[in-house]
Amino acid sequence: IGAHAFERCTMLKEIALPGGMTRVSKQTFDDCVSLTSVELPESLVFVNSNAFNHCESLEEVKRLDAQVDLLIKMAEDYFKSKKKDEKQDR
């Protein structure tokens with residue numbers, strides 16, 4: 001998915017990315033404030049660290065294949081740290 005593809009889709013709550021997809025580009029889901037769940041396909045090999053900027057409601061990232069578990073963990077840690085930073089800035 002290209003950069004900014006779903007940026008500011010504030011009504012988007014869940015998404016299952018299609019099989020065959022290999023990467024999620026920068027800020028693809030930036031400011032999707034209602035997004036709570038993302039399902040990633042087995043084919044995915046790269047997720048940009050900024051792909052889910054400002055997705056404050058994101059709680060679940062589902063992955064069928066363990067190949068990118070580390071990427072998911074890194075992304076989840078990033079989301080948590082961003083939320084903490086944003087709360088401290090207020």
Side-chain angles (χ1 to χ4, degrees):
I1 297 178
H4 308 280
F6 291 93
E7 185 174 17
R8 295 188 187 113
C9 289
T10 58
M11 301 302 288
L12 181 65
K13 294 183 181 197
E14 297 180 356
I15 191 163
L17 302 179
M21 177 182 294
T22 59
R23 60 186 299 123
V24 178
S25 299
K26 67 178 184 175
Q27 297 174 311
T28 299
F29 296 96
D30 193 27
D31 283 321
C32 292
V33 295
S34 298
L35 185 62
T36 60
S37 177
V38 176
E39 186 173 321
L40 305 174
E42 283 185 41
S43 56
L44 194 68
V45 294
F46 178 78
V47 177
N48 186 283
S49 62
N50 293 323
F52 295 92
N53 271 352
H54 307 114
C55 293
E56 292 97 13
S57 300
L58 187 60
E59 297 174 358
E60 181 176 40
V61 179
K62 301 177 200 171
R63 173 77 179 175
L64 301 177
D65 179 4
Q67 181 181 5
V68 293
D69 281 345
L70 180 59
L71 287 175
I72 293 171
K73 174 146 180 28
M74 290 170 56
E76 288 172 343
D77 290 346
Y78 176 79
F79 302 143
K80 289 175 186 173
S81 69
K82 286 291 271 187
K83 285 182 185 180
K84 183 184 277 185
D85 291 344
E86 288 172 3
K87 286 181 181 177
Q88 289 176 355
D89 289 343
R90 292 181 189 171

Rounded to the nearest 0.5 Å, how far does [atom2] of [Y] lie from [atom1] of [X]?
| X | Y | atom1 | atom2 | answer |
| --- | --- | --- | --- | --- |
| I15 | F29 | CD1 | CZ | 4.0 Å |
| S43 | R23 | OG | CZ | 12.5 Å |
| D31 | T10 | CG | OG1 | 9.5 Å |
| I1 | L44 | CD1 | CG | 9.0 Å |
| H4 | N53 | NE2 | CG | 10.0 Å |
| C9 | D30 | SG | CG | 11.0 Å |

Exercise. How far apart are the C-alpha atoms of V38 and F52, what are their side-chain angles, what is the distance that settles it, and do they pass the side-chain contact (heavy atoms from CB on, under 4.5 Å) test?
Worked result: CA-CA 10 Å; V38 176; F52 295 92; 3.7 Å; yes
With a 4.5 Å cut-off on side-chain heavy atoms, are [Y] and [X] touching?
| X | Y | result |
| --- | --- | --- |
| C32 | C55 | yes |
| E60 | T36 | no |
| K62 | S37 | yes |

Exercise. Looking at V24 and A51, what are the two nearest heavy atoms and their distance?
Worked result: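 Closest pair (atom of V24, atom of A51, distance): CG1-CB, 3.7 Å.
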Exercise. Which atom pair, heavy atoms only, marks the closest approach of V33 to E56?
Worked result: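 Answer, listing the atom of V33 first, then E56: CG1-OE1, 3.3 Å.
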For this session: I would like to know whether V61 and L40 meet side-chain contact (heavy atoms from CB on, under 4.5 Å); could you show each step before the answer?
Result: CA-CA 7 Å; V61 179; L40 305 174; 3.6 Å; yes
